[in-house]
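Order of the sequence lines sets the chain letters (A, B, ...), proteins ahead of strands, with each chain counted from 1.
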Protein chains: 2
Amino acid sequence: MLELEKIITPTLLLDERKTRQHILTMVEKAQKPSIRLRPHFKTHQSAAIGEWFREAGVKSITCSSLQMAAYFAAHGWNDILVAFPVNIREIVLINQLAATIHLELLVESTFSVEFLDANLKAPVDIWLKIDSGAGRTGIAAANTTLAANICQMVHKSSSMHLRGILTHAGQTYHSTSPIHAVGSYQASVDLMNQMRDKLAMLGINDLEISVGDTPGCVLVDDFGKVDEIRPGNFVFFDATQAFIGTCTADEVAVAVACPIVAIHPELEKVVVYGGAIHLSSEYFLLGNQKAYGLPALLAADGWGSPIPGGYVHKLSQEHGIVHVHYEVCNSLNPGDLLAIIPAHSCITVSCLKKYLTLEGEILETMYC
Amino acid sequence: MLELEKIITPTLLLDERKTRQHILTMVEKAQKPSIRLRPHFKTHQSAAIGEWFREAGVKSITCSSLQMAAYFAAHGWNDILVAFPVNIREIVLINQLAATIHLELLVESTFSVEFLDANLKAPVDIWLKIDSGAGRTGIAAANTTLAANICQMVHKSSSMHLRGILTHAGQTYHSTSPIHAVGSYQASVDLMNQMRDKLAMLGINDLEISVGDTPGCVLVDDFGKVDEIRPGNFVFFDATQAFIGTCTADEVAVAVACPIVAIHPELEKVVVYGGAIHLSSEYFLLGNQKAYGLPALLAADGWGSPIPGGYVHKLSQEHGIVHVHYEVCNSLNPGDLLAIIPAHSCITVSCLKKYLTLEGEILETMYC
């Protein structure tokens, strides 16, 4: 049970039961078609939660930075993909990791591949980052020439082994319905298969395909022709995922307990100690209205469903301005706690750095 | 000089010369009309930078949390206002601080005042938080009845001394021109004076007025009838302030050095290692376009003016997507560094937690 009286500043609550269930659901979903689940650990960023994945049989993981990879390597993970275009300024850390674990890196330019070829001191596996529609980064899916060039350069290198082509269909996070997210996922998988086929026609064979967004991986019935999936956010979900329809709001496994510092019933708003430095400034759109999170009432056994009509409509550095109905305002007092289901759980974890489970245990992250 | 080759991950750069100049300018501006400058330390959050204020003669400071107040109290500051509606769950820390320094708290409800009266064990000064148009929190400027009630409650308490009425004209941060910000500041000061006059007619006398936004305090020629100013952001400024016209882009004293990890000349974009967890997700609007920061080239003696037409147009957890002209793209390589002038320096400091000065010195913040 939570000892609510011990919560005096914004505190990241974690529901272990929901979290473990989300892990098991994804592990089982990937097992049926024998697709490798390489979950992205950038959401939870915690060695303790990593153990729950290990208990569920997970052996391969994804990280978003080399520093994160070093943290998880120090906690016994020895098959790590860093799904971020390689930062060649970190070559010392790359070589340290490559010498001790099975390390996989992401490339998208001949420049970086040349640098790695000249500077790697231990073997790494290489993935080509492909832009399959997210428009963030990666080789354009139509640019087979560049992709083939890089593949050939990697093939010639003694320290690099070409593993395959990788994408992140980040466009699914901008979906407003499950059917939209599923369509984006499938279009992305189709593009990746077309690229694999074209590269095969150029003599580049045996490439694997790795994909990775949470909305797609949760919502599709069939992962399609892929070898690996790398969802991350599914471990907790968040208010944005509930809004897309990837999960229900009640399935979200994290919330921030925030002390109430002011109440303005006439404006239908509650002010909490919980601002941009706690929740992050990430938001989703409720129509034209930004929502930085969803409020819920809190009790010693956890938080409830979102308060109907409520949302966090503004953040300052330390303040959260929460819109709730007049009558809800009148039921609260300064000093009470309000739970805020965050808009984007990954970034909120980076802000708050540790968890308090509903059983009262503190779990640390890589930032502690 | 910066040893650029030692920068391998996103690093917060600080120009000490500009920072000290900003401090001196504000100190001198407040001296002429004999207004108390109580700078807000929530921007820099660093004991080392606090010393630069002390050297300029500053003795009174503002913090945005009791934890921040405890940090600065431990570094020799003994006159601290916590400009955030009091979080009564922190009563233990409040009493610890009140017993050792001159502590000033902010209230806006009878509930919190009753709680303080019953639980304070050492004297504190009290300010009433007034909403003078920002719409964030505080007693509505028209609600003299509530303000008078709270004043009378504070007067009766043996542990509280009523200091005055306080506001933060946060609406000036949404200005799109200096004249707009100045108008908002003046309207806010007028409202505060009207409230002081009305309270005086009810027999509540000798109230001070404290105001505090950076755009207003920087841009006005005359602070008006106020006793105290609490600007914070002026110590560094940021891209948002440059956009409003509070400063020039060249006056901004912080920038984040980000390694380039990918370049897409055909899309006129550069991808940097520097995302929401480094820069924060704060942005300002360039027309309809969100700008999470402004890019500049970096050399060993510091960063230059913003690259014409450039802006950070998208952030993920670790990625920053920077729009720059095709020819700029072609002049860069993966592994080069790009400086990003942040949209909101206060939150970026919370993300990156320490500074590297242009002289190569590391300065810590309260998060280290």
*Asks:* Side chain, backbone, both or neither: which part of A:Val271 has an atom under 4.5 Å from a heavy atom of chain B?
*Replies:* side chain
*Asks:* Which answer fits A:Lys314, side chain, backbone, both or neither, if we ask what part of it has an atom under 4.5 Å from a heavy atom of chain B?
*Replies:* side chain
*Asks:* Drop me the distance from A:Ser65's OG to B:Ile277's CD1, to the nearest 0.5 angstrom.
*Replies:* 6.5 Å
*Asks:* Which residue out of A:Glu90, A:His344, A:Arg136, A:Lys269 racks up the most heavy-atom pairs below 4.5 Å with chain B?
*Replies:* A:Arg136
*Asks:* Of the backbone (N, CA, C, O) and the side chain (C-beta and beyond), which part of B:Asp131 lies under 4.5 Å from a heavy atom of chain A, both, or neither?
*Replies:* neither
*Asks:* Quick check for you: to the nearest 0.5 Å, what is the distance between B:His264 atom NE2 and A:Ser109 atom OG?
*Replies:* 8.5 Å
*Asks:* How close do A:Ile347 and B:Ala276 get, heavy atom to heavy atom, and via which atoms?
*Replies:* CD1-CB, 3.9 Å
*Asks:* Examine whether an atom of B:Val92 lies under 4.5 Å from a heavy atom of chain A, and if so say whether it belongs to the side chain, the backbone or both; otherwise answer neither.
*Replies:* neither
*Asks:* Can you tell which part of A:Glu108 gets under 4.5 Å to a heavy atom of chain B, answering side chain, backbone, both or neither?
*Replies:* side chain
*Asks:* Where on B:Tyr367 is there a heavy atom nearer than 4.5 Å to chain A: the side chain, the backbone, both, or neither?
*Replies:* side chain
*Asks:* Heavy-atom cut-off 4.5 Å, strictly under: side chain, backbone, both or neither for A:Asn143 against chain B?
*Replies:* neither
*Asks:* For A:Leu66, is it the side chain, the backbone, both or neither that has a heavy atom under 4.5 Å from a heavy atom of chain B?
*Replies:* neither
*Asks:* Looking at NE2 of B:His168 and OG of A:Ser316, how far apart are the two atoms once the value is rounded to the nearest 0.5 Å?
*Replies:* 7.0 Å
*Asks:* Heavy-atom count check: over 12 atoms from other residues, nucleotides or ligands less than 6.0 Å from B:Lys354 NZ?
*Replies:* no
*Asks:* What distance separates B:Ile260 CD1 from A:Asn87 CG, expressed to the nearest 0.5 Å?
*Replies:* 10.5 Å
*Asks:* In terms of heavy-atom pairs under 4.5 Å, which option from B:Ile263, B:Thr9, B:Leu267 contacts chain A the most?
*Replies:* B:Thr9
*Asks:* Would you mind checking which part of A:Gln67 comes under 4.5 Å of any heavy atom in chain B, side chain (CB onward), backbone (N, CA, C, O), both or neither?
*Replies:* side chain
*Asks:* Might you point out which heavy atoms bring B:Gly335 and A:Ile88 nearest each other, and give the distance in Å?
*Replies:* CA-CG1, 3.7 Å
*Asks:* Distance from B:Ser64 atom OG to A:Tyr273 atom OH, nearest 0.5 Å?
*Replies:* 7.5 Å
*Asks:* Output the distance between atom CD (B:Glu282) and atom CD (A:Gln317), rounded to the nearest 0.5 Å.
*Replies:* 8.5 Å
*Asks:* Using a cut-off of under 4.5 Å for heavy-atom pairs, which of B:Val107, B:Ile91, B:Thr137, B:Ile321 has the most such pairs with chain A?
*Replies:* B:Thr137
*Asks:* If you compare all heavy atoms of A:Phe84 against all heavy atoms of B:Val272, which two are closest, and at what distance to 0.1 Å?
*Replies:* CZ-O, 4.1 Å
*Asks:* What part of A:His319 is in contact with chain B, defined as an atom under 4.5 angstrom from a non-hydrogen atom: side chain, backbone, both or neither?
*Replies:* both
*Asks:* Of all the heavy-atom pairs spanning B:Leu4 and A:Arg89, show the shortest one and how long it is.
*Replies:* O-NH2, 2.5 Å
*Asks:* When heavy-atom pairs shorter than 4.5 Å are enumerated against chain A, which of B:Pro334, B:Cys346, B:Gly170 gives the highest number?
*Replies:* B:Pro334
*Asks:* Is it the backbone or the side chain of A:Tyr283 that comes under 4.5 Å from a heavy atom of chain B, or both, or neither?
*Replies:* side chain
*Asks:* Of the listed residues (B:Ala140, B:Gly135, B:Cys351), which shares the most heavy-atom pairs with chain A below a 4.5 Å separation?
*Replies:* B:Gly135
